[in-house]
Amino acid sequence: MLIETCFTPQVYNLFHNPNAIVVVIDILRATSAITTAFYNGVHKMLPVETLEEAHNYKKNGIITAAERNGQMVEGFDLGNSPFGYMNAKLKGKTVAITTTNGTQAIVAAKSAHEIVIGSFLNIAVLSEYLSDKKRDIILLCAGWKNKFNLEDSVFAGALATELMKKFSFSTHCDSTIAAIELYKSAKYDLYDFLQNSSHQKRLAKLDLERDIKYCLTLNQCPVIPIIKHNEIVKAEI
Ligand code: 3SL
């Protein structure tokens with residue numbers, strides 16, 4: 001089973017493999033927020049690309065989360081903070097969601113055999129789930145506005161390391177090798193390694209240090225959100 005890493009959704013078409021499982025990665029913060037939502041009992045999420053689509057869901061009475069450039073968009077119910085989902089009122093509910101990059105990456109991979117949501121919060125259960133599936137894996141980093149970003153690439157390296165060390169995965173892909181090398185430098189202190197990264201700085205300016213630290217925590221939420229028929233649901237594990 002082979003692992004490939006795509007550093008930005010812009011070039012996903014170069015990596016597409018109809019038999020592979022795609023892991024969508026947006027560590028700060030979309031895939032961390034989605035993982036947290038399911039861990040806290042959200043029933044289903046509807047990922048959309050545009051604010052217009054999100055507005056339509058909101059008009060139809062669906063709880064809707066919308067983030068652009070790190071901030072909650074006015075008029076919606078939630079932004080993109082994982083802490084927003086630690087709310088008993090959301091248990092059993094459906095939430096529509098649009099974010100700057102994370103939901104765009106989910107939509108970009110829609111023709112994949114299967115799409116799963118990856119984050120540091122679910123890395124251990126996710127690697128076991130992927131190993132049971134016995135398929136090639138594409139690690140799809142959401143990046144920032146179609147550019148490379150550090151935190152998603154470090155996570156791709158962490159997951160690839162885990163899959164290659166504990167399970168029978170291998171790689172011939174230079175971007176995966178690069179991600180593994182990044183993770184080797186980052187793993188002793190993820191927060192410190194990412195201090196100068198553009199998105200960590202952007203979120204810190206918005207006073208979101210607490211979100212950053214939480215999103216870099218390992219295995220807090222042992223659930224696997226997967227995409228089925230364009231909706232995010234919790235996989236049975
Ligand atoms: O880009 C995204 O999808 C978001 O995760 C960005 S933010 O962390 O909410 O700013």
Side-chain angles (χ1 to χ4, degrees), residues 6-12 22-40 42 45-54 57 63-87 90 95-110 115-123 139-156 190-191 193-217 220-221 225 227 230 232:
C6 173
F7 284 137
T8 143
Q10 180 84 350
V11 293
Y12 172 74
V22 173
V23 180
V24 173
I25 303 163
D26 186 353
I27 297 304
L28 298 176
R29 294 167 293 168
T31 57
S32 303
I34 293 168
T35 307
T36 303
F38 283 95
Y39 184 65
N40 284 279
V42 164
M45 294 182 87
L46 309 169
V48 294
E49 272 181 289
T50 65
L51 289 172
E52 200 184 334
E53 291 167 279
Y57 277 121
I63 300 167
T64 306
E67 167 277 330
R68 288 293 181 269
N69 298 315
Q71 290 178 293
M72 176 175 159
V73 182
E74 232 186 275
F76 289 94
D77 307 299
L78 288 161
N80 198 24
S81 173
F83 292 102
Y85 291 96
M86 296 176 194
N87 176 350
L90 296 176
V95 178
I97 179 169
T98 183
T99 71
T100 311
N101 306 284
T103 52
Q104 321 296 327
I106 294 171
V107 174
K110 64 175 182 272
I115 307 172
V116 301
I117 297 295
S119 69
F120 284 108
L121 302 168
N122 70 352
I123 186 166
L139 305 175
L140 174 57
C141 300
W144 182 259
K145 300 190 177 173
N146 283 319
K147 292 183 179 169
F148 174 94
N149 87 11
L150 209 48
E151 65 276 11
D152 296 346
S153 313
V154 165
F155 176 78
L190 294 170
Y191 181 82
F193 183 82
L194 294 168
Q195 284 273 357
N196 289 321
S197 66
S198 54
H199 199 47
Q200 183 148 324
K201 279 190 176 159
R202 197 175 290 120
L203 292 179
K205 259 193 210 148
L206 295 170
D207 232 357
L208 293 168
E209 290 285 351
R210 187 167 81 122
D211 285 37
I212 300 168
K213 289 190 174 144
Y214 171 78
C215 294
L216 300 178
T217 310
Q220 285 272 311
C221 302
I227 286 77
N230 301 323
I232 315 175

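Each ligand, and each atom within it, is numbered from 1 in the order the structure gives. Just so it is clear, the structure is predicted and the values come from calculations on it, not from any experiment.
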Under 30°, 30 to 60°, or over 60°: which ring-plane class applies to F120 and F155, parallel, tilted or perpendicular?
perpendicular
Please tabulate, one line per pair, the protein nitrogen or oxygen atoms found under 3.5 angstrom from a nitrogen or oxygen of ligand 1, with distances to 0.1 Å, or say none if there are no such pairs.
{"unit_1": "ligand 1", "atom_1": "1 (O)", "unit_2": "D26", "atom_2": "OD2", "d": "3.4"}
{"unit_1": "ligand 1", "atom_1": "1 (O)", "unit_2": "N101", "atom_2": "N", "d": "3.0"}
{"unit_1": "ligand 1", "atom_1": "1 (O)", "unit_2": "N101", "atom_2": "ND2", "d": "2.6"}
{"unit_1": "ligand 1", "atom_1": "3 (O)", "unit_2": "D26", "atom_2": "OD2", "d": "2.8"}
{"unit_1": "ligand 1", "atom_1": "3 (O)", "unit_2": "T99", "atom_2": "OG1", "d": "2.5"}
{"unit_1": "ligand 1", "atom_1": "3 (O)", "unit_2": "N101", "atom_2": "N", "d": "3.0"}
{"unit_1": "ligand 1", "atom_1": "3 (O)", "unit_2": "G102", "atom_2": "N", "d": "2.7"}
{"unit_1": "ligand 1", "atom_1": "5 (O)", "unit_2": "D26", "atom_2": "OD2", "d": "3.1"}
{"unit_1": "ligand 1", "atom_1": "5 (O)", "unit_2": "L28", "atom_2": "O", "d": "3.3"}
{"unit_1": "ligand 1", "atom_1": "5 (O)", "unit_2": "R29", "atom_2": "N", "d": "2.7"}
{"unit_1": "ligand 1", "atom_1": "5 (O)", "unit_2": "A30", "atom_2": "N", "d": "2.9"}
{"unit_1": "ligand 1", "atom_1": "5 (O)", "unit_2": "N80", "atom_2": "ND2", "d": "2.9"}
{"unit_1": "ligand 1", "atom_1": "8 (O)", "unit_2": "L28", "atom_2": "O", "d": "3.1"}
{"unit_1": "ligand 1", "atom_1": "8 (O)", "unit_2": "R29", "atom_2": "N", "d": "3.0"}
{"unit_1": "ligand 1", "atom_1": "8 (O)", "unit_2": "R29", "atom_2": "NE", "d": "3.0"}
{"unit_1": "ligand 1", "atom_1": "8 (O)", "unit_2": "H199", "atom_2": "NE2", "d": "2.9"}
{"unit_1": "ligand 1", "atom_1": "9 (O)", "unit_2": "R29", "atom_2": "NE", "d": "3.3"}
{"unit_1": "ligand 1", "atom_1": "9 (O)", "unit_2": "R29", "atom_2": "NH2", "d": "2.9"}
{"unit_1": "ligand 1", "atom_1": "9 (O)", "unit_2": "E67", "atom_2": "OE2", "d": "3.4"}
{"unit_1": "ligand 1", "atom_1": "9 (O)", "unit_2": "N80", "atom_2": "ND2", "d": "2.8"}
{"unit_1": "ligand 1", "atom_1": "10 (O)", "unit_2": "E67", "atom_2": "OE2", "d": "3.4"}
{"unit_1": "ligand 1", "atom_1": "10 (O)", "unit_2": "G70", "atom_2": "N", "d": "3.3"}
{"unit_1": "ligand 1", "atom_1": "10 (O)", "unit_2": "H199", "atom_2": "NE2", "d": "3.1"}

Are a donor atom and an acceptor atom from the side chains of Y191 and E209 found within less than 3.5 Å of each other?
yes
For L150, is there any backbone N or O sitting under 3.5 Å from a side-chain donor or acceptor partner on S197?
no
Can you give the donor-acceptor pairs under 3.5 Å from side chains of residues 141-149 to other protein atoms, not counting sequence neighbours?
{"unit_1": "K145", "atom_1": "NZ", "unit_2": "N69", "atom_2": "OD1", "d": "2.7"}
{"unit_1": "N146", "atom_1": "OD1", "unit_2": "Q10", "atom_2": "N", "d": "3.3"}
{"unit_1": "N146", "atom_1": "ND2", "unit_2": "Q10", "atom_2": "OE1", "d": "3.1"}
{"unit_1": "N149", "atom_1": "OD1", "unit_2": "D152", "atom_2": "N", "d": "3.0"}
{"unit_1": "N149", "atom_1": "ND2", "unit_2": "E151", "atom_2": "OE2", "d": "3.0"}
{"unit_1": "N149", "atom_1": "ND2", "unit_2": "D152", "atom_2": "OD2", "d": "3.2"}

For T100, the side chain to side chain donor-acceptor pair (under 3.5 Å) test, sequence neighbours excluded, returns E67
Please list all pairs passing the salt bridge (Lys or Arg N to Asp or Glu O under 4.0 Å) test where one or both residues lie in residues 73-82, with sequence neighbours left out.
K58-D77
